[in-house]
Q: 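Once you've had a glance at the structure underneath, I'll fire off some questions.
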Amino acid sequence: QVQLVESGGGLVQPGGSLRLSCAASGSIFSPYVMGWYRQAPGKQRELVARITIGGSTNYADSVKGRFTISSDNAKNTIYLQMNSLKPEDTAVYYCNSLNQRGNYWGQGTQVTVSS
């Protein structure tokens with residue numbers, strides 16, 4: 001019922017920046033919360049950042065001060081601005097949306113931080 005499409009991943013050098021986007025469509029139900037998760041090979045998927053319908057945000061300690069999550073409700077889109085990227089940020093980044101009907105995931109976008 002909800003389709004999520006991420007974009008903006010790619011290869012960047014340490015210290016560089018990327019901006020991820022997640023466009024949501026297909027549901028009339030407003031999300032309770034949307035967030036970004038990431039998963040590196042051999043590791044658990046972890047929450048990176050989330051934003052609630054009321055605008056509250058939270059971040060993983062590992063990205064606090066470097067990443068910023070934001071939303072454009074008119075466009076049904078959330079963003080993740082990633083600055084000062086480190087090699088340990090390398091992962092597949094997934095968009096997630098939770099509403100009263102279910103929990104939905106995008107296909108993921110690869111972020112690789114390497115010199």
Q: Is there a side-chain contact between Thr68 and Leu80, using heavy atoms and a 4.5 Å cut-off?
A: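 No - every pair of side-chain heavy atoms lies 4.5 Å or more apart.
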Q: Does Gln1 have more than 12 heavy atoms from other residues, nucleotides or ligands lying within 6.0 Å of its CD?
A: yes
Q: What I'd like to find out is whether the side chain of Ile53 reaches to under 4.5 Å of the side chain of Pro31, using heavy atoms alone.
A: no
Q: For residues Ile78 and Cys95, report the shortest heavy-atom separation together with the two atoms involved.
A: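 That closest heavy-atom pairing would be CD1-SG, 3.9 Å.
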Q: How far apart are the closest heavy atoms of Arg38 and Ser62, and which atoms are they?
A: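 The pair with the smallest heavy-atom distance is NH2-OG, 3.4 Å.
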Q: To the closest 0.5 Å, what do you measure between CG (Asn76) and CD (Gln3)?
A: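 The CD atom of Gln3 is 11.5 Å from CG of Asn76, to the nearest 0.5 Å.
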Q: Can you find a pair of side-chain heavy atoms, one from Arg19 and one from Tyr79, that are under 4.5 Å apart?
A: yes
Q: Going by atom types only, do Thr77 and Asp72 share a side-chain donor-acceptor pair under 3.5 Å?
A: no
Q: Over all heavy atoms of both residues, which pair between Ser84 and Ser17 is shortest? Give the atoms and the distance, please.
A: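 Smallest heavy-atom distance, with atoms named: N-OG, 4.3 Å.
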Q: Would you please test Val33 and Ile51 for side chain to side chain contact (heavy atoms under 4.5 Å, CB included) and show each step?
A: CA-CA 6 Å; Val33 59; Ile51 184 166; 6.0 Å; no
Q: Give a yes or no answer on whether the side chain of Gln13 reaches the backbone of Ser115 with a donor-acceptor pair at less than 3.5 Å.
A: no
Q: Side chains of Pro87 and Ser114: does their closest heavy-atom pair fall under 4.5 Å?
A: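 Answer no - side chains too far apart.
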Q: How close do Ser21 and Trp36 get, heavy atom to heavy atom, and via which atoms?
A: O-CH2, 3.5 Å
Q: How many angstroms lie between CG in Asn96 and CG in Leu4, if you round to the nearest 0.5 Å?
A: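 Asn96 atom CG to Leu4 atom CG measures 7.5 Å (nearest 0.5 Å).
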Q: What are the two closest non-hydrogen atoms of Ala24 and Met34, and how far apart are they?
A: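 Result for this residue pair: CB-CE, 4.4 Å.
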Q: Short question: side chain of Gln39, backbone of Gln44 - any donor-acceptor pair under 3.5 Å?
A: no
Q: Assigning hydrophobic clusters by single linkage (Ile, Leu, Val, Met, Phe, Trp, Tyr; side-chain heavy-atom cutoff under 4.5 Å), is Leu18 placed with Tyr59?
A: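 Both belong to a single hydrophobic cluster.
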Q: How long is the span from the OG atom in Ser30 to the CG atom in Asn73, to the nearest 0.5 Å?
A: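 Between Ser30 OG and Asn73 CG, I get 8.0 Å after rounding to 0.5 Å.
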Q: Charged N to carboxylate O under 4.0 angstrom, Asp61 versus Lys64?
A: yes
Q: Suppose the criterion is ring-ring contact (aromatic ring centres under 6.0 Å, His included): which pairs have a residue in residues 82-115, not counting sequence neighbours?
A: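 Applying ring-ring contact (aromatic ring centres under 6.0 Å, His included) to every pair that reaches into residues 82-115, excluding sequence neighbours, yields Tyr37-Trp105.
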Q: Should Val12 and Met82 be counted in the same cluster of Ile, Leu, Val, Met, Phe, Trp and Tyr side chains packed under 4.5 Å apart?
A: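 Linked, Val12 and Met82 end up in one cluster.
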Q: Taking the side chain as C-beta and beyond, is there a heavy-atom pair between Leu20 and Val111 under 4.5 Å?
A: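 They are in contact (side-chain heavy atoms under 4.5 Å apart), so the answer is yes.
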Q: Give the cluster check for Val92 versus Leu47: same hydrophobic cluster or not, with ILVMFWY residues linked at side-chain heavy-atom distances below 4.5 Å.
A: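 The answer is yes; both residues are in one hydrophobic cluster.
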Q: Look up atom CG in Asp89 and atom OG1 in Thr112, then write down how far apart they are to the nearest 0.5 Å.
A: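 Result: 11.0 Å between the selected atoms.
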Q: Going through the checks in order, is the side chain to side chain contact (heavy atoms under 4.5 Å, CB included) test met by Gln110 and Thr90?
A: CA-CA 8 Å; Gln110 177 71 49; Thr90 296; 4.0 Å; yes
Q: Let me confirm one number: the OG1-CZ distance from Thr52 to Arg50, rounded to the nearest 0.5 Å.
A: 7.5 Å
Q: Does Phe67 form a side chain to side chain contact (heavy atoms under 4.5 Å, CB included) with Asn83? I'd like the steps, not just the answer.
A: CA-CA 6 Å; Phe67 292 9; Asn83 299 325; over 6 Å; no
Q: Any chance you could measure Tyr32, atom OH, to Asn103, atom CG, to the nearest 0.5 Å?
A: 12.0 Å
